[in-house]
Protein chains: 2
Amino acid sequence: MIRVLIAEDHTLVREGIKQLLSMADDIEVVGEASDGDVLFAALRETACEVLLLDMTMPGPHGIEAIKRIAALPQAPRILVLTMHNETQIASRALKAGASGFATKDSEPTMLLAAIRKVAAGRRYIDPALADRMVFEMGMGDARPPHETLSEREYQIFELLVSGVSVTEIGERLSISSKTVSTHKIRLLQKLNLTTTADLVRYAFEAQLFTPGV
Amino acid sequence: MIRVLIAEDHTLVREGIKQLLSMADDIEVVGEASDGDVLFAALRETACEVLLLDMTMPGPHGIEAIKRIAALPQAPRILVLTMHNETQIASRALKAGASGFATKDSEPTMLLAAIRKVAAGRRYIDPALADRMVFEMGMGDARPPHETLSEREYQIFELLVSGVSVTEIGERLSISSKTVSTHKIRLLQKLNLTTTADLVRYAFEAQLFTPGV
DNA sequence: GTCTCGTGTAGGAATCGCCCTACACGAAGC
DNA sequence: GCTTCGTGTAGGGCGATTCCTACACGAGAC
């Protein structure tokens with residue numbers, strides 16, 4: 001029996017996934033979490049083989065959450081579930097310790113297959129996504145510009161898009177605002193943009209982030 | 001029997017919702033659509049009482065789609081389903097012809113209740129959302145905040161969103177940058193926002209711009 | 001007719017953020 | 001091994017922006 005923990009903030013989606021998983025005889029949902037803090041509490045108390053993890057949820061989330069989970073003793077296999085099929089995010093997630101990457105575009109049967117695969121210690125990547133990853137990685141500089149951003153730049157990119165000021169980013173990350181500003185300038189150059197407004201528009205057009213988080 | 005059509009682009013979410021609805025005896029899913037074009041085709045061929053509509057999907061979507069659907073002969077009741085609980089978007093959706101507004105944070109039973117309510121010709125708004133709407137917008141005023149902007153403020157709003165700096169706006173309009181800044185502060189207050197990034201996000205979420213996806 | 005209120009307009013002070021410059025450090029190249 | 005490059009880190013100077021304040025003017029309100 002594969003024990004699965006579902007981390008997904010939208011109740012409706014979470015319940016829907018539970019319903020879908022209940023169709024499989026070899027999969028059992030042993031817990032769920034609606035935000036990052038609840039998730040870490042659940043992980044401490046509930047043993048499971050697979051964690052179904054949404055990338056965007058309140059509290060600790062995303063790449064950082066994956067790193068923390070992967071570092072836990074008896075860490076479950078992590079199957080990332082996301083709305084967008086961004087190669088960028090996928091490769092970062094896998095690098096951070098995730099075992100698989102599925103999008104919400106997937107067929108339900110594919111999700112079951114993905115869970116079984118990562119539970120067995122193998123990797124799973126959404127086929128369409130894997131295709132694009134291979135293609136884009138092979139193309140070198142034909143990759144979308146945002147994939148050339150460094151970790152730090154990407155982190156600041158996200159914060160800027162979500163409306164946090166340069167000064168406050170500095171405070172949150174405990175670095176000088178000057179440093180944040182430098183990262184901002186560099187990432188703007190990489191993306192060939194000039195203003196913060198451009199940045200937000202870029203993020204929306206590339207559908208990198210979920211609005212309203 | 002309430003016949004429901006589901007318009008939602010993410011297969012997994014769509015299937016999950018189908019599973020949830022199948023638990024109710026009085027609700028029947030008669031069709032589904034993964035993008036705007038498929039949706040309009042389905043609406044022509046399939047009669048239904050309630051359309052469960054995701055605001056963000058490929059093809060015709062959002063407020064524009066709601067207007068078009070509401071204008072159809074024998075238009076179904078529209079229950080909007082969204083990830084975010086944005087009051088602005090909700091009021092615009094209702095004004096455009098939607099009968100209800102539920103978020104994906106809702107409990108499954110609330111979704112069933114919402115479907116039954118709109119099927120009966122009544123309105124449904126997510127309780128938490130309704131609360132915020134009343135609080136943020138004042139009783140009865142269902143107008144989106146950006147409609148309360150003055151001509152000048154709206155003009156500067158557009159320029160800011162398209163990436164023009166305060167100084168350059170001043171030059172273009174032949175007024176002081178200080179004046180532009182004043183307008184900016186006032187319009188941000190009206191929209192209950194704080195930064196330029198928020199402004200651009202708002203514009204996208206309220207779909208004042210058509211993202212070229 | 002006067003009195004608000006919203007709007008368009010700025011100035012001065014303070015702050016923020018950009019730009020240039022710089023340096024340390026690890027990875028990759030030669 | 002030495003060099004180059006990308007990255008993360010800042011400081012100083014200065015222009016850009018905000019914040020507070022102010023005033024004129026037209027539209028309604030009373």
Side-chain angles (χ1 to χ4, degrees), chain A residues 62-64 67 88 91-92 95-96 137-138 140-203, chain B residues 136-138 141 143-203:
Chain A
I63 304 293
E64 280 311 308
K67 284 183 184 165
Q88 164 76 350
S91 64
R92 281 169 196 276
K95 212 169 159 187
M137 299 303 172
D141 18 16
R143 289 186 305 164
H146 60 266
E147 294 193 12
T148 65
L149 298 186
S150 69
E151 285 296 323
R152 202 55 149 175
E153 285 164 353
Y154 196 83
Q155 184 180 21
I156 286 166
F157 177 38
E158 284 184 301
L159 289 167
L160 286 171
V161 170
S162 63
V164 186
S165 73
V166 168
T167 307
E168 197 184 332
I169 292 174
E171 287 166 3
R172 285 201 201 174
L173 302 181
S174 301
I175 57 178
S176 164
S177 63
K178 305 298 185 74
T179 305
V180 178
S181 193
T182 303
H183 287 308
K184 180 178 179 183
I185 291 169
R186 284 183 188 160
L187 74 88
L188 281 174
Q189 284 174 343
K190 284 186 180 178
L191 301 180
N192 200 25
L193 303 172
T194 52
T195 69
T196 306
D198 293 335
L199 205 61
V200 180
R201 283 211 320 279
Y202 177 89
Chain B
E136 287 178 15
M137 320 181 92
D141 186 8
R143 287 191 309 160
H146 61 266
E147 287 189 13
T148 67
L149 298 185
S150 69
E151 286 298 314
R152 201 57 149 175
E153 286 164 352
Y154 196 83
Q155 184 181 21
I156 287 166
F157 174 48
E158 286 183 304
L159 288 167
L160 286 171
V161 170
S162 62
V164 186
S165 74
V166 170
T167 305
E168 197 185 332
I169 293 174
E171 288 167 2
R172 285 201 202 176
L173 303 181
S174 301
I175 58 178
S176 163
S177 64
K178 308 297 187 70
T179 304
V180 177
S181 191
T182 303
H183 287 308
K184 180 179 177 181
I185 290 169
R186 284 184 189 160
L187 73 89
L188 281 173
Q189 283 174 342
K190 285 187 181 178
L191 301 180
N192 201 24
L193 303 172
T194 52
T195 69
T196 306
D198 292 335
L199 204 62
V200 180
R201 283 214 320 278
Y202 175 89

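Naming: A, B, ... by sequence-line order, numbering from 1 per chain.
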Taking side chain to side chain donor-acceptor pair (under 3.5 Å) as the test, write out the residues that go with [X], two or more places apart.
{"X": "Q155(B)", "result": "R152(B)"}
{"X": "R186(B)", "result": "none"}
{"X": "S177(A)", "result": "none"}
{"X": "S176(B)", "result": "none"}

Discussion item. Within the 4.0 Å heavy-atom criterion, would you say T179(B) contacts the bases, only the backbone, or no part of the nucleic acid?
Written reply: base
With heavy atoms under 4.0 Å as the rule, sort S181(B) into base, sugar-phosphate or nothing.
base
Figure out the [atom1]/[atom2] separation between [X] and [N], and round it to whole Å.
{"X": "D198(B)", "N": "dT18(D)", "atom1": "CG", "atom2": "P", "answer": "13 Å"}
{"X": "K184(A)", "N": "dT9(D)", "atom1": "NZ", "atom2": "C1'", "answer": "18 Å"}
{"X": "L187(A)", "N": "dG8(D)", "atom1": "CG", "atom2": "P", "answer": "11 Å"}
{"X": "L160(B)", "N": "dT17(D)", "atom1": "CG", "atom2": "C1'", "answer": "12 Å"}
{"X": "H183(B)", "N": "dT17(D)", "atom1": "NE2", "atom2": "C1'", "answer": "15 Å"}

Discussion item. Could you tell me if the side chain of L199(B) sits less than 4.5 Å from the side chain of L187(B), heavy atoms only?
Written reply: yes
- Do the non-hydrogen side-chain atoms of F157(A) and V161(A) ever get within less than 4.5 Å of each other? yes
Taking dG8(D), dA10(D), dA10(C) as options, the one with an atom nearest any side-chain atom of E153(A) is dG8(D)
Dot-bracket assigned to DNA chain C with the 3.5 Å Watson-Crick/G-U criterion, [ ] for crossing and | for other-strand pairs, is ||||||||||||||||||||||||||||||
Numerically ordered, the residues 165-175 of chain B set in heavy-atom contact under 4.0 Å with DNA chain D is S165(B), V166(B), T167(B)
A correct 5'-to-3' footprint of nucleotides 20-27 of chain C, with B, S and - meaning base, sugar-phosphate only and no protein heavy atom under 4.0 Å, is --B-----
**Prompt:** Under 4.0 Å between a side-chain N or O of K190(B) and OP1 or OP2 of dT7(C)?
**Reply:** yes
Could you tabulate the donor-acceptor pairs under 3.5 Å formed by side-chain atoms of residues 165-175 of chain A, not counting sequence neighbours?
from    : atom 1 : to      : atom 2 : distance (Å)
S165(A) : OG     : E168(A) : N      : 3.2
E168(A) : OE2    : R172(A) : NE     : 3.3
E168(A) : OE2    : R172(A) : NH2    : 3.2

